[in-house]
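Accompanying notes for the structure given below.
Letters go in sequence order (proteins before strands), and every chain restarts at 1.
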2 protein chains.
Amino acid sequence: MSPATDVRSRRREQTRAEILAAAWQLAERDGIAGLSLRDLAAEVGMRAPSLYTYFPSKAAIYDAMFTAGFLQLEEATAGLTVEPADAVGTLAAHVEAFVAFCQDSVPRNQLLFTRAVPGWEPSEEAYAASVGSYARMARQLGELGIHNAQHLDLLTALSAGLAAQQLANDPNGTRWRELSRDAAEMFLAHVRRTT
Amino acid sequence: MSPATDVRSRRREQTRAEILAAAWQLAERDGIAGLSLRDLAAEVGMRAPSLYTYFPSKAAIYDAMFTAGFLQLEEATAGLTVEPADAVGTLAAHVEAFVAFCQDSVPRNQLLFTRAVPGWEPSEEAYAASVGSYARMARQLGELGIHNAQHLDLLTALSAGLAAQQLANDPNGTRWRELSRDAAEMFLAHVRRTT
DNA sequence: GTCTATAGACGGATAGAC
DNA sequence: GTCTATCCGTCTATAGAC
């Protein structure tokens, strides 16, 4: 690859990132399903057809946002440690981080965890990002001694439910998020009782 | 009111019900946000403008569906008894009924519990139906000795989460729904421990 | 009460000039 | 790589004839 090509692809990647950033911003305003290519192009100082230089379709833009969203979830929980000696504290911190992550961006939450975009679903490659995210969570719970599949399912339901209620009924508050520690205690007591 | 007027308003009500039934059917196919007045009219053998004889706007149709949806939730749980002597069984049955209700119709679930329709939210009158539904649930939990607001919030999160996971990851199965009894036991043990 | 016709807007995507 | 112009489709809603 010649240096010129290298520079060109770097610029291209930068513009793609700029478009995606603008897409998140517009999705915040209009909802993830309300994103339009005309508005998106205007936001980055282009006309709609020029976007097709960077993405082959609107679906490809959603795909890129989907993948980026799960990367952000990785980052949001990467700093948290797993301490088997303090299972409740560890779990509470992870649940609260998850609820906070969902609350942090309504459209991202819609894109990653609901089927809010009519006629679109993640491509296989994009979907792989979400599978990897789940596998990592399962591994961390394994370090806390939780291996039962039903227990895992119960915990995902609990986390998803706290986030859903927080977003639906108190989007800017902490009413459900602050129940994270209670939820962790409740869940771990159940695990101890039924293992 | 003359007999003729009576007959006329009866027919009108019947046609309205027919339109709503067709609306649910189409929403099942195209998603709640994908409902279009053209298709809806065609489904009942009309053209789109004729619908305006029965509903003043598309939003009014969503409103009527929203209210009907909460009535259906009432009906789905009306047959269930509340037996303080068997709190776990009572709660398990109610949670499972709720998950089954959500699973029974994806678009109804979208309409009632998510903000899946861009630009629409329930009118105040319609919203009152959902408030009444929550109040009834709180009263029934009171009969089981559960009064703490945080406990109520934890239970709504748990129920909503089971339903969300069931719908998102196993829409035609029972993977999360069958955890209803576990969830009830887990929750009630927590209530006993923290009251 | 139902229709045709249409307003008026918005959407994704493509052709072809520059 | 970006543009203008445009295709072709979508939609809700209204006017006015019958």
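In this structure, B:Leu51 atom CG and C:dC3 atom C1' are separated by 13 Å, rounded to whole Å. Atom pair B:Tyr62:OH and D:dT12:C1' shows a separation of 11 Å (rounding to whole Å applied). The distance from atom CD of B:Glu13 to atom C1' of C:dG1 is 16 Å, rounded to the nearest whole Å. Separating the CD1 atom of B:Ile61 from the C1' atom of D:dC11 is a distance of 13 Å, rounded to the nearest angstrom. Summarising the geometry, the separation between CZ on A:Arg12 and P on D:dG1 is reported as 6 Å, rounded to the nearest angstrom. Atom OH of A:Tyr52 and atom P of D:dT4 are 16 Å apart (whole Å). Note: CG (B:Leu35) to P (D:dT10) measures 15 Å, nearest angstrom. Taking atom CZ of residue A:Arg47 and atom C1' of nucleotide C:dG16, one finds them 17 Å apart after rounding to whole Å.
Taking 4.0 angstrom as the limit, A:Ser50 places none of its side-chain polar atoms (N or O) nearer than this to OP1 or OP2 of D:dG1. At the phosphate of D:dC11, OP1 or OP2 sits under 4.0 Å from a side-chain N or O atom of B:Ser36.
Panel note: side chain A:Ser130, backbone A:Ala126; no donor-acceptor pair is recorded below 3.5 Å. Checked by atom type and distance alone, the side chain of A:Ser50 never pairs as donor or acceptor with a backbone atom of A:Met46 at under 3.5 Å.
Among the heavy atoms of the strands, none lies under 4.0 Å from B:Phe55.
Separation of the A:His190 and B:His190 ring centroids does not fall under the 6.0 Å cut-off. Aromatic ring centres of A:Tyr134 and A:Phe70: separated by at least 6.0 Å. Ring centers of B:Tyr62 and B:Phe55: at least 6.0 Å apart, outside the cut-off.
The side chain of B:Ser57 has D:dA13 as its nearest neighbour among D:dT2, D:dA13, D:dC3. Closest contact between the side chain of A:Pro49 and the listed nucleotides C:dT4, C:dA13, C:dT14 involves C:dT14.
When each of A:Thr53 and A:Arg38 is assigned the nucleotide of DNA chain D with its nearest heavy atom, A:Thr53 is the one assigned upstream, toward the 5' end.
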